[in-house]
Amino acid sequence: MRLPRSFYERDVLDVAPELIGKMIFRKSADGLSGYLITEVEAYRGTEDQASHARFGKTKRNAVMFESGGLLYVYFIYGMYWMVNIVTGRAEQPQAVLIRGLKETDGPGRVARLLAVDRSFYGESLAVSDRIWIEDHQVVLPVIQKPRFGISYAGEPWKSMPWRYIMVPLPRNS
DNA sequence: AGCAAGATCGGT
DNA sequence: CCGATCTTGCTG
C-alpha cells in the first residue's frame, strides 16, 4: 500500500534509511513501472552546509521548507534532473536524494529512468496518480557512508554518514 | 548585471 | 581526467 504523508513528516535521518528497499512506482502513458530503491542521501536543515537550504529559502528550494511527502526536483550541470523527497515538518528544510534504483546507479540516471522533470516539483507522493512509494513488510539491512559530491561543504558536513545503501544480498555459486 | 560553481555522467 | 550545458544564487 501507498506510504501516507505521515511517513515523510518525520526527521530525515529516520526516513532516509527506511526508504531503502521500498518500491517507487511511476504511472504514465507507457504504463505502470515499479523500482526498488537502493541508495539515498539525507540533507538536513539550514545548518547542513551541503544542503541547498544552507542559504535559507530561495525560489528553487522553497518546497524543502514544506512539510514532508512532496518532491523537490531540480536541474543541475545543464543536463540532469535530481529527484528528492521532502521530509520533516514545515520550516525545517530536509530532503532525501534518490541516488540509486535496483536497475541503475546515479541520481541523474534515476531521474531519467523515472522520467521525472520540472513538472514534478512539489508533487505529493501521498496523493499523486503518477508517482508514489509503496510500503512492504520486509526490513532490509542498510549501511551508511559519507555523501558524494559535496566537498564544498567542509567539516563536519562532508563527513556525515548520511548516504544510505542497501546491503547486497549474498550470492549463490 | 555578470559570473563561478554545481547533491553528474559518459567518453577518452 | 575532462568537457558538456544551463540554472542558480551570490557578489558587486
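Sequence lines set the chain letters: A, B, ... in the order given, protein chains first and strands last, and positions in each chain run from 1. Keep in mind it's a predicted model, so treat the numbers as computed, not measured.
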So side-chain hydrogen bond (donor to acceptor under 3.5 Å, both in side chains) across residues 24-34 of chain A, not counting sequence neighbours, yields none

Would you say the side chain of [Y] lies within less than 4.5 Å of the side chain of [X], judging by non-hydrogen atoms?
X      : Y      : result
A:Y8   : A:I133 : yes
A:L3   : A:L125 : no
A:L101 : A:I37  : yes
A:I24  : A:V83  : no
A:Y80  : A:F75  : no
A:Y43  : A:V12  : no
A:D48  : A:M160 : no

Note: contacts of residues 80-95 of chain A with DNA chain B (heavy atom, under 4.0 Å) are A:Y80, A:M82, A:N84

Note: contacts of residues 50-63 of chain A with DNA chain B (heavy atom, under 4.0 Å) are A:A50, A:H52

Exercise for the section: Assign A:F75 to base, sugar-phosphate, or nothing according to its heavy-atom contacts below 4.0 angstrom with the strands shown. Expected result: sugar-phosphate

If one requires at least 3 consecutive Watson-Crick or G-U pairs with distances under 3.5 Å, the stems of DNA chain C turn out to be B:1-6 with C:6-11, B:8-11 with C:1-4

Within residues 104-122 of chain A, those residues having any heavy atom closer than 4.0 Å to DNA chain C are A:R118

The correct set of residues in residues 140-164 of chain A placing a heavy atom under 4.0 Å from DNA chain C is none

Interatomic distance, CZ@A:R2 vs CZ@A:F7, rounded to 0.5 Å, equals 14.0 Å

So CD1 of A:I20 and CD1 of A:I165: to nearest 0.5 Å the spacing works out to 8.0 Å

Fill in: A:K158/A:Q49 under side-chain contact (heavy atoms from CB on, under 4.5 Å): CA gap, chis, key distance, verdict
CA-CA 8 Å; A:K158 71 179 184 188; A:Q49 293 304 297; over 6 Å; no

Value in whole Å for how far the [atom2] atom of [N] lies from [atom1] of [X]:
X     : N     : atom1 : atom2 : answer
A:Y74 : C:dT7 : OH    : C1'   : 12 Å
A:Y72 : B:dA7 : OH    : C1'   : 9 Å
A:Y77 : B:dC9 : OH    : P     : 9 Å
A:L97 : B:dG6 : CG    : C1'   : 13 Å

With rounding to whole Å, what would you report as the distance between [N] and [M] at their [atom1] atoms?
N      : M      : atom1 : answer
B:dT8  : C:dC10 : C1'   : 22 Å
B:dA7  : C:dT11 : P     : 16 Å
C:dT5  : B:dG2  : P     : 23 Å
B:dG11 : C:dT7  : C1'   : 24 Å

Salt bridge check: are [X] and [Y] linked by an N-O gap of less than 4.0 Å?
X     : Y      : value
A:K57 : A:E91  : yes
A:R5  : A:E9   : yes
A:K22 : A:D135 : yes

request  = Look at atom CZ of A:R130 and say whether more than 12 heavy atoms of other residues, nucleotides or ligands are closer to it than 6.0 Å.
outcome  = yes

Is it true that a side-chain atom of A:R118 and a backbone atom of A:W81 form a donor plus acceptor pair closer than 3.5 Å?
-> no

